[in-house]
Amino acid sequence: MKNPWEEISLDDYEKHMSLNSVRQLQTMNLIIKKQLEAYPADTAMILGIAGGNGLEHVSADKYRTVYGVDINEDYLRAVSERYSGLSGVLRCLRADLINEAEKLPRAQLVIADLLIEYIGCAAFVNVLLHTSPEYVSCVIQINTDDENWVSDSPYIHAFDGLDSVHHQMEEKELTAALTKAGYSLILRESYPLPNGKALTRLDYRRTKQPRG
């Protein structure tokens, strides 16, 4: 059975995310720029890369390798075409993060924006056990309405299948899971969205070797 994310067209996803009533694509672009610049890392892994939003902020002077990971092969093809100028730095990897974490290489920085909601904390911690980053930067969505966690838009029905894989993510739950895995919270920022929702950025640094 295919993951629902393999059925959502990139065009529908990006048009929905960039609507003035949603503005998640624009907000995420600003956040990704900060995430890429924040820490002394020369390898980064962006989980759930989708269409590559924010990759224009990758500096080839800073980064030796940036891995773009997604389950949707069409998304990865689009990323490779859009960011051909990052050839030699950008490496696109198809992986099912729930079942194929062992396929992932190590990276000093892992970025997981609006991703953990779709794989759950346990699978995310397993990804960190395999990638062993020094820094982890996450964005989760804070919803005022748990029933309607996808913002209303003309493209909303493109996301109908996501109910089967969506986990409502709470900040305390995520921080507790990462603390147990050997990471301490070092930064928290909130970004309000026009529809009453908000994006919360949570950054962590490894304080001890992760354990299961």
Side-chain angles (χ1 to χ4, degrees), residues 24-70 76 79-80 82-95 97 101-117 119 121 123-141 169 171-191 198-212:
Q24 290 197 21
L25 206 69
Q26 299 90 326
T27 305
M28 288 299 310
N29 191 281
L30 297 173
I31 296 173
I32 291 170
K33 182 177 189 295
K34 292 182 178 183
Q35 290 172 312
L36 288 167
E37 294 174 351
Y39 302 111
D42 65 8
T43 56
M45 180 178 295
I46 303 175
L47 303 176
I49 191 73
N53 183 31
L55 283 177
E56 68 270 23
H57 304 305
V58 171
S59 169
D61 293 330
K62 173 177 171 59
Y63 282 101
R64 177 168 48 88
T65 307
V66 173
Y67 300 100
V69 182
D70 211 286
L76 295 174
V79 170
S80 296
R82 290 175 175 181
Y83 298 95
S84 57
L86 288 175
S87 176
V89 175
L90 178 63
R91 290 185 56 192
C92 290
L93 303 173
R94 186 203 173 277
L97 296 176
E102 70 280 356
K103 291 173 59 172
L104 300 174
R106 294 195 169 200
Q108 293 168 313
L109 167 66
V110 165
I111 295 173
D113 296 339
L114 303 182
L115 177 281
I116 307 169
E117 289 92 332
I119 66 172
C121 275
F124 182 57
V125 167
N126 190 43
V127 166
L128 299 183
L129 292 173
H130 284 86
T131 54
S132 193
E134 182 72 18
Y135 300 95
V136 180
S137 187
C138 313
V139 171
I140 61 173
Q141 179 174 297
M169 187 51 53
E171 180 180 335
K172 288 182 179 179
E173 176 190 1
L174 178 60
T175 295
L178 265 66
T179 298
K180 183 180 179 183
Y183 289 86
S184 292
L185 182 68
I186 57 173
L187 181 142
R188 183 190 186 279
E189 293 179 343
S190 184
Y191 298 80
L199 299 180
T200 296
R201 174 183 167 190
L202 302 166
D203 285 13
Y204 304 83
R205 183 173 185 175
R206 187 170 62 201
T207 54
K208 56 188 174 183
Q209 199 60 34
R211 65 181 189 275

- Task: To the nearest 0.5 Å, tell me how far Q35 CD sits from H57 NE2.
- Result: 10.5 Å
- N126 vs L129 side-chain heavy atoms within contact, under 4.5 Å: yes
- Query: Looking at CG of D70 and CD1 of I46, how far apart are the two atoms once the value is rounded to the nearest 0.5 Å?
  - Reply: 11.0 Å
- Evaluate the side-chain contact (heavy atoms from CB on, under 4.5 Å) criterion for residues R106 and T131: first the C-alpha distance (whole Å), next the side-chain angles of each, then the deciding distance (0.1 Å), finally the verdict. CA-CA 4 Å; R106 294 195 169 200; T131 54; 5.5 Å; no
- Query: Does the side chain of V125 come within less than 4.5 Å of L178's, by heavy atoms?
  - Reply: yes
- Looking only at heavy atoms, what is the nearest atom pair of P133 and Y183, with distance? O-OH, 2.7 Å
- Correct closest heavy-atom pair for N29 and G54 would be ND2-N, 3.5 Å
- Query: Can you name the nearest heavy-atom pair linking G68 to L90, along with the distance?
  - Reply: N-CD1, 4.2 Å
- Looking only at heavy atoms, what is the nearest atom pair of C92 and V79, with distance? SG-CG1, 3.8 Å
- Distance (rounded to the nearest 0.5 Å) between T27 OG1 and Y191 OH: 9.5 Å
- Heavy atoms, side chains only, cut-off 4.5 Å: are I31 and E189 in contact? no
- Item | Flag, side chain of K62 to backbone of A41, donor-acceptor distance under 3.5 Å | yes
- Message: Could you tell me if the side chain of Y63 sits less than 4.5 Å from the side chain of L109, heavy atoms only?
- Response: yes
- Atom CG of L25 and atom CG of L30: how far apart are they, to the nearest 0.5 Å? 10.5 Å
- Item | Euclidean distance, M169 CE relative to L114 CG, rounded to 0.5 Å | 11.5 Å
- Item | K103 side chain vs R94 backbone, donor-acceptor pair below 3.5 Å | yes
- Item | Test item: S132 and R206 side chains (from C-beta on) under 4.5 Å apart, heavy atoms | yes
- Message: Donor-acceptor check, side chain of T43 to backbone of Q108, threshold 3.5 angstrom: yes or no?
- Response: yes
- Could you state the interatomic distance from CG (L185) to OG1 (T207), rounded to the nearest 0.5 Å? 11.5 Å
- Message: For Y83, run the side-chain contact (heavy atoms from CB on, under 4.5 Å) check against V66, V58, L55 and tell me which one passes.
- Response: L55
- Task: Start with the C-alpha distance between Y135 and L187, add both sets of side-chain angles, then the distance that settles side-chain contact (heavy atoms from CB on, under 4.5 Å), and finish with yes or no.
- Result: CA-CA 11 Å; Y135 300 95; L187 181 142; over 6 Å; no
- Item | Side-chain heavy-atom pair M45, P105 within 4.5 angstrom cut-off | yes
- Would N53 and D113 satisfy side-chain contact (heavy atoms from CB on, under 4.5 Å), going step by step from the backbone distance to the final call? CA-CA 11 Å; N53 183 31; D113 296 339; over 6 Å; no
- Task: Could you check D203 against Y39 for side-chain contact (heavy atoms from CB on, under 4.5 Å), going step by step and ending with a plain yes or no?
- Result: CA-CA 10 Å; D203 285 13; Y39 302 111; 2.6 Å; yes
- Item | Within-4.5 Å side-chain heavy-atom neighbours: L104 and L97 | yes
- Distance-only donor-acceptor check, side chains Y204 and T175, under 3.5 Å: yes
